[in-house]
Amino acid sequence: MVRKLTAVAALAMLASCAPETQAPVKVRALVRSSNGAYEPQEVELKTVTNIVSLEGKVARLVGGASIQLDSNDPELQAATTEEAVGKALLKKEGRPVAASYITDAQGVLWPADFHTWNLVTTYYNFERAWDYFRTTTGVREEELPQTTAYYFPEFVLADVSADPQLDNALFFAPTKSFLVLPFEEVQTAPLAINASILTHEYAHLVFNRRVYGGSALPQAILSWSLAGGQSTPGLNVLKSMDEGLADFHAYAASCESRFGCNTRILSSSFEGSTVDDRDLTNPRNCMTQELYQQLQLTNFTAFSGREYQVGTMIATALFKSAGNQAERQVLAKAVADAYSDTNVAKPGLAQLTRNNLANQSNFTLGVAVRAIVQHLPREAFDLRNKLCTQLATHLLVPVPELSQGTDACPASTNPSTCGTTTP
């Protein structure tokens, strides 16, 4: 559809391969419509400084890069600093992308080829995510500096496969960058075009900056992953929180879009159970005793993959707690505030992980989600009560664990049977 549209437009419009950049820039991008499909719509890029190379305050898009992670790489083994690790992984730095446009009679830029559609939409989605975290959650601009986004890089995880990874978009902390990988199987809406998926990935960057201090090699992950064959309860919880809160932010940000809330984060790019299992309205998003035990007793190597299950349950509890836009905004800010807080009465996740580096079993699911409750405004009584009920219901967290400390859940919190409650 995009190629046909571009071909028709090319006959009727004047070509302009290198337009001047003066923000805001009016341009066509692929935006989610009311029927869930991604269609060409006019948007404004408000932070872009070079519309051809798609560089601006939010992101810098780079093509032709090669990133390879190989535990046997001598350069990686010799690296002793985060900067050295990044250089060891980046085998080819790449170069700025070069987008091509056609200008219509109203001065709106139309992407002239598929990759330009993809690039423009990628920048637009990152810009929307950046704006959501700035305006809704209160994250300061200085915490969200320009981030490199490698477009269609060669990304090899040598310990897994010698073939480059495909069909993914991710925040890759070791290089402090986003990776938008080439795709083969994903055809309906490539991941870079999917606004919810890119907001989810941008949320990982915010989590990294606030919880891990922007570290490429977070201390909690390194320390807690060294447990060998022993259980890694803290690491399991931490990774589950990262995934679940990213899903909640993707949902909350979608509610501020033109066509409203999207509880199916992966829809348009995937289908079937892959989408249904991450749908925040799915009545099966309930912790089981077996999964709760695995969270506490399993090594992350064996637990890997289940962090998405637990994360969806966390996101569902948050989703069901906020019944309107005002409550969603209050809750989204509380989540971001809970990432880091030096107040000893209600420490953030950064402080909780740092305080328990020597004993990760103290960083429980209850301790982690309680930090969110404690960062709700004191006057938000109804929202606090709903959140406490949903957390206890969906996560099987004992109420005494949720009710300890300042501004925590009331001891009277009464969870219901999961799967029977409504938002």
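Here the structure is a predicted model, which means the values were calculated and not measured.
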Exam field: side chain Thr413 to backbone Cys388, donor-acceptor pair closer than 3.5 Å: no
Check ion pair Glu75-Lys91 (N to O, under 4.0 angstrom): yes
Minimal non-hydrogen separation, Ala59 against Tyr123, with atom names: O-CE1, 3.5 Å
Plane angle bin for Trp224 and Phe363 - parallel if under 30°, tilted between 30 and 60°, otherwise perpendicular: tilted
Electrostatic pair Asp276:Arg264 at N-O distance under 4.0 angstrom: yes
Residues Lys386, Asp382: salt bridge by 4.0 Å N-O rule: no
Geometric class of the Phe178/Tyr202 ring pair [parallel <30°, tilted 30-60°, perpendicular >60°]: parallel
Result of checking Glu127, Gln146, Glu141 against Lys57 for side chain to side chain donor-acceptor pair (under 3.5 Å): Glu141
Test: Asp104 and Lys26 ion pair at under 4.0 Å: no
Test salt bridge (Lys or Arg N to Asp or Glu O under 4.0 Å) applied to Glu143 and Arg210, step by step: CA-CA 8 Å; Glu143 297 181 76; Arg210 287 204 155 183; 2.9 Å; yes
Exercise: do Glu256 and Thr136 side chains pair donor with acceptor under 3.5 Å: yes
Heavy-atom side-chain proximity of Asn125 to Thr199 below 4.5 angstrom: no
Which residues share a side chain to side chain donor-acceptor pair (under 3.5 Å) with Asn194, sequence neighbours left out: Tyr38, Ser269
Row check, Trp130 ring normal vs Arg134 NZ/CZ: under 6.0 Å, within 45°: yes
Lys/Arg-Asp/Glu bridge criterion (N-O < 4.0 Å) met for Lys176, Glu82: yes
Ionic contact status for Arg278 with Asp247, cut-off 4.0 Å: yes
With Ala326 via side chain to side chain contact (heavy atoms under 4.5 Å, CB included) - residues at least two apart: Asn324
